[in-house]
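The structure appears below as structure tokens.
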Amino acid sequence: MKIIVNNEEVVFDGTTVAELLARLDVSLAGIAVAVGTKIVPAAAWSGFALKPDDNVTIIRATQGG
Amino acid sequence: MEQLKIGGHTMRSRLFVGTGKFASNRVMAEAVAASGSGLVTVALKRIDLKGDNDDMLQALRLPGIELLPNTSGVRDAGEAVFAAQLAREALGTDLIKLEIHPDQRHLMPDAVETLKACGELAKDGFTVMPYIHADPVLCKRLEDAGAACVMPLGAPIGSNKGLATLEFLRIIIEQSNVPVVVDAGIGTPSQAAAAMEMGADAVLVNTAIAVAGDPVAMALAFKMAVEAGHKAFEAGTAPVRESASATSPLTSFLND
């Protein structure tokens, strides 16, 4: 299916947030994930099923004041 | 020296530092260590799907350092609440520096959206640290909305113009029931000391340290200035007088 991750289109043949993170090869320390405007806690990544056209936000900390 | 508390968090120093604009993560970490600060701000970014190897959190894993995520980049209260929730999830902290400044040129904080977001975040259990203009009325409104402290600006972010809002900071400090952290615009250690002497509970410094010729030495200079200013406030400064007041005996001893 096709989903949007951080404003980029991603084609993804898995189901869950955990599978998406593995597919994107993201380092998991210090990140947070939201689907739409709903925060998906780390404990729920493996159980949260994504749907086509879902809008996923993945953030981490960076330099700033 | 009494330790500063913000919400349930005890601060080991009254100097908070930001992590923006440093030449490298190594210099940033050394400057943070030299500053003695226990509270260090970070921003949030969307990860880059083409490769994401920012090791700044690794560099900040120093004993006694708490991270203070900010909401920089949001345009309104709704986005600020979302950013704060992401920050809490990513960093495991209830601390949030609430900053909403949609105006890119002057980075002036939006009072209306900030007040709205502050109330929502406080209800959601956050320790809210709002960055705002030096507006004494707004500060009281934020206090009522559940802010854990207020963070009025001295001058525009990164301008190094010092305490341009001095007279309003004085009123805010006099009226506040929550800690007052002077944020933004502090360009030199003497300005940080001046803020502390007048009774600010803490200051937040980023640009003045990060872009200094020697950021590590400047971080130490700010540490000393903040300690000196706070010590002077606690000691009680001598009154200003309109005429001279002799410090030596005025009895003449050469001729009577």
Side-chain angles (χ1 to χ4, degrees), chain A, chain B residues 16-25 28 40-61 67-73 78-79 81-93 97 99 107 131 157-158 183-184 204-210:
Chain A
M1 66 180 155
K2 192 190 73 188
I3 57 173
I4 307 294
V5 182
N6 289 355
N7 295 333
E8 282 186 51
E9 202 175 288
V10 172
V11 178
F12 164 57
D13 56 12
T15 313
T16 66
V17 168
E19 287 163 354
L20 174 68
L21 294 172
R23 145 89 167 73
L24 294 172
D25 200 18
V26 171
S27 145
L28 301 182
I31 68 164
V33 179
V35 177
T37 56
K38 186 181 160 50
I39 311 291
V40 183
W45 287 346
S46 57
F48 194 102
L50 293 163
K51 300 186 302 298
D53 300 320
D54 265 347
N55 192 350
V56 181
T57 303
I58 310 173
I59 62 99
R60 76 164 78 247
T62 189
Q63 290 84 355
Chain B
F16 306 159
V17 294
T19 57
K21 304 183 186 173
F22 282 94
S24 70
N25 283 340
M28 174 194 73
V40 176
T41 66
V42 296
L44 302 177
K45 65 166 182 183
R46 291 168 187 263
I47 65 161
D48 183 356
L49 301 186
K50 291 176 199 72
D52 179 69
N53 49 15
D54 191 340
D55 59 351
M56 74 101 56
L57 285 183
Q58 201 79 26
L60 281 177
R61 272 199 196 101
L67 296 181
L68 171 59
N70 69 33
T71 63
S72 183
E79 289 185 2
V81 169
F82 183 50
Q85 289 168 340
L86 283 166
R88 178 166 62 183
E89 176 64 21
L91 299 170
T93 179
K97 182 184 169 193
E99 49 176 296
L107 301 175
Y131 165 67
I157 293 173
D183 182 9
L204 196 157
V205 180
N206 185 347
T207 302
I209 293 173

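Below, read A as the first sequence line, B as the second, and so on, with proteins coming before strands; counting in each chain starts at 1. Being a predicted model, the structure only gives us computed values, none of them experimental.
Considering every non-hydrogen atom in both A:T37 and B:F82, the closest pair reads O-CE1, 3.7 Å. Taking both residues in full, the closest heavy atoms of A:G64 and B:N206 are given as C-ND2, 3.8 Å, listed atom of the first, atom of the second, then distance. For B:F22 against B:A210, the heavy-atom pair with the smallest separation is CE2-CA, 3.5 Å.
Partner A:N6 forms a side-chain contact (heavy atoms from CB on, under 4.5 Å) with one of A:I59, A:T57, A:V56 and no other, that one being A:T57.
If you measure heavy-atom distances from A:V10 to chain B, the contacts under 4.5 Å come from the side chain alone. With a 4.5 Å cut-off on non-hydrogen atoms, B:E99 touches chain A through its side chain but not through its backbone. Within the 4.5 angstrom heavy-atom criterion, only side-chain atoms of B:L91, from C-beta onward, approach chain A. Using a 4.5 Å cut-off between heavy atoms, A:D25 does not touch chain B at all. Of the two parts of A:I39, only the side chain, counted from C-beta on, holds a non-hydrogen atom closer than 4.5 Å to a non-hydrogen atom of chain B.
Side-chain contact check for A:M1 versus A:V11: every heavy-atom pair is 4.5 Å or farther apart.
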